[in-house]
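Data first, discussion second: the structure below is written as structure tokens.
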Amino acid sequence: MIEQAVKAPSGHNTQPWLFKISEDNIQIHPNYDKSLPVVDPDNRELFISLGCAAENLCIAASQKGYNTDLNISEEGIVTIHLKKDHTVEPNTLFDQIAIRQTNRSVYNGQIISSDTIRLLERVFEASVANAYFYKNGTPEFNSIADYVIAGNVLQMQNKAFTDELKSWMRFNKKHQDTTNDGLSYAVFGAPNLPRFIVKPIMSSYLNDKTQNKGDRKKIASSSHFALLTVTGNTPEEWIRLGMVMERFLLKTTELGITHAYMNQPNEVNELSGEMTETLNIFGEYPAILLRIGYGEKMPYSKRKDIEEVIISE
């Protein structure tokens, strides 16, 4: 079950979780050693990642015939109580856990049908999160694209941001296989060359002009933006947002739809509030921004061995 949980997405693929196994429950603890203080100073994205991991674990538990009951402490520790129940039906999304991926490539431009978007909207019914879908070509889509571009300028001109990003980049196969975390050279489409060659080349791309040139192509190739919001701003809401988001990501995977994060406007406070005003969303906090569409599979990010993320009593 933990092996499935750790396949969840996380910012910069930091994998910011630790698992504690008891007789009748599994706890998921935040691992603040894997926090991103520059891009995620409130640990919002960290707790969303914990929610994604918790959802994967609950889905995997159904495969084992367990009923699950979940509690979240004020500190953001998730406790999943497990009880054997012969009436439990396996969750149909289980098979998608292993093949879900964050796909940063240029998509093929195909538009997702309105019927499919309505199907995806239903994932968020009766959840803590609200989901807004904006179709490519609409004024709202274009406004969000402008905020992504503005976010890139502010972030890429911030040395602390680029230093933090570089610290999580893995520059070749040896580097990637040593850490089993971070942003692999392969997901950026870089060749497997000696680190002293690749590092300066990849680092040279960390500027707003290069980032925006690439992101404009990626945005133009996408079908929709999906903006996920919450009405509160607490670890519990972030975790529960992560749980429903993971169901959404697994559902898109099942439907052959690809996704990637474009969280720049949510990560820059001065843009976040302005964007919600532009979109006429009031009283809600924008937490996750995704682009979705259709694209070819990309290499998968590495995951740490589960022995490294299980803590003892």
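Quick caveat, the model's predicted, so the values are computed rather than measured.
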query = So, S127 side chain and F124 main chain: donor-acceptor pair closer than 3.5 Å or not?
reply = yes
Between T234 and E236, a side-chain donor and acceptor under 3.5 Å = no
ask   = Ignoring hydrogens and geometry, is there a side-chain-to-backbone donor-acceptor pair from E237 to G232 under 3.5 Å?
value = yes
inquiry  = Closer than 4.0 angstrom, basic N to acidic O: yes or no for D181 and R170?
reply    = yes
request  = Evaluate whether atom NZ of K159 has more than 12 neighbouring non-hydrogen atoms of other residues, nucleotides or ligands under 6.0 angstrom away.
outcome  = no
inquiry  = With rounding to the nearest 0.5 angstrom, report the OG1 to CG distance, T162 to L206.
reply    = 6.5 Å
ask   = Are L50 and L82 joined in one hydrophobic group, where the rule is that I, L, V, M, F, W and Y side chains link up if heavy atoms are under 4.5 Å apart?
value = yes
inquiry  = Is there a path of hydrophobic side-chain contacts, each under 4.5 Å between heavy atoms of I/L/V/M/F/W/Y residues, joining I219 to Y294?
reply    = no
query = Under 4.5 Å between any side-chain heavy atoms of F19 and V309, yes or no?
reply = yes
ask   = Counting distance only, does the side-chain N/O of S272 pair as donor-acceptor with the main-chain N or O of V268 below 3.5 Å?
value = no
ask   = Any donor-acceptor pair under 3.5 Å linking the side chain of S73 with the backbone of E75?
value = yes
key: Separation of I310 CD1 from I306 CD1 (nearest 0.5 Å)   = 4.5 Å
inquiry  = Quick one about Q4 and K7 (side-chain donor to acceptor, distance below 3.5 Å, no hydrogens or angles considered), yes or no?
reply    = yes
inquiry  = Please check: side-chain N/O of K83 versus main-chain N/O of Y66, any donor-acceptor pairing under 3.5 Å?
reply    = no
inquiry  = Quick one: does any side-chain atom of S223 pair with a main-chain N or O of I112 as donor and acceptor, under 3.5 Å?
reply    = yes
request  = Report yes or no: does S222 contribute a side-chain atom to a donor-acceptor pair with the main-chain N or O of H224 at less than 3.5 Å?
outcome  = no
Shared hydrophobic cluster, I117 / L228 (ILVMFWY, side-chain heavy atoms < 4.5 Å) = yes
query = Are side-chain N/O atoms of Q63 and N91 paired as donor and acceptor at under 3.5 Å?
reply = no
task = State the CD1-CD distance between I239 and E55, to the nearest 0.5 angstrom.
result = 13.0 Å
ask   = Can you tell me if D40 uses its side chain to pair, donor with acceptor, with the backbone of R44 under 3.5 Å?
value = yes
task = Apply the test salt bridge (charged side-chain N to carboxylate O under 4.0 Å, His left out) to residues K251 and E254: give CA-CA distance (whole Å), side-chain angles for both, the deciding distance (0.1 Å), then the verdict.
result = CA-CA 5 Å; K251 189 64 179 178; E254 183 180 59; 2.8 Å; yes
query = Do any N or O atoms from the side chain of Q15 and from the backbone of V6 form a donor-acceptor pair under 3.5 angstrom?
reply = no
inquiry  = With a 6.0 Å cut-off on the ring centroids, do F225 and F133 count as close?
reply    = no
task = Mind telling me whether Y261 and H259 have parallel, tilted or perpendicular rings, with 30° and 60° as the class edges?
result = perpendicular
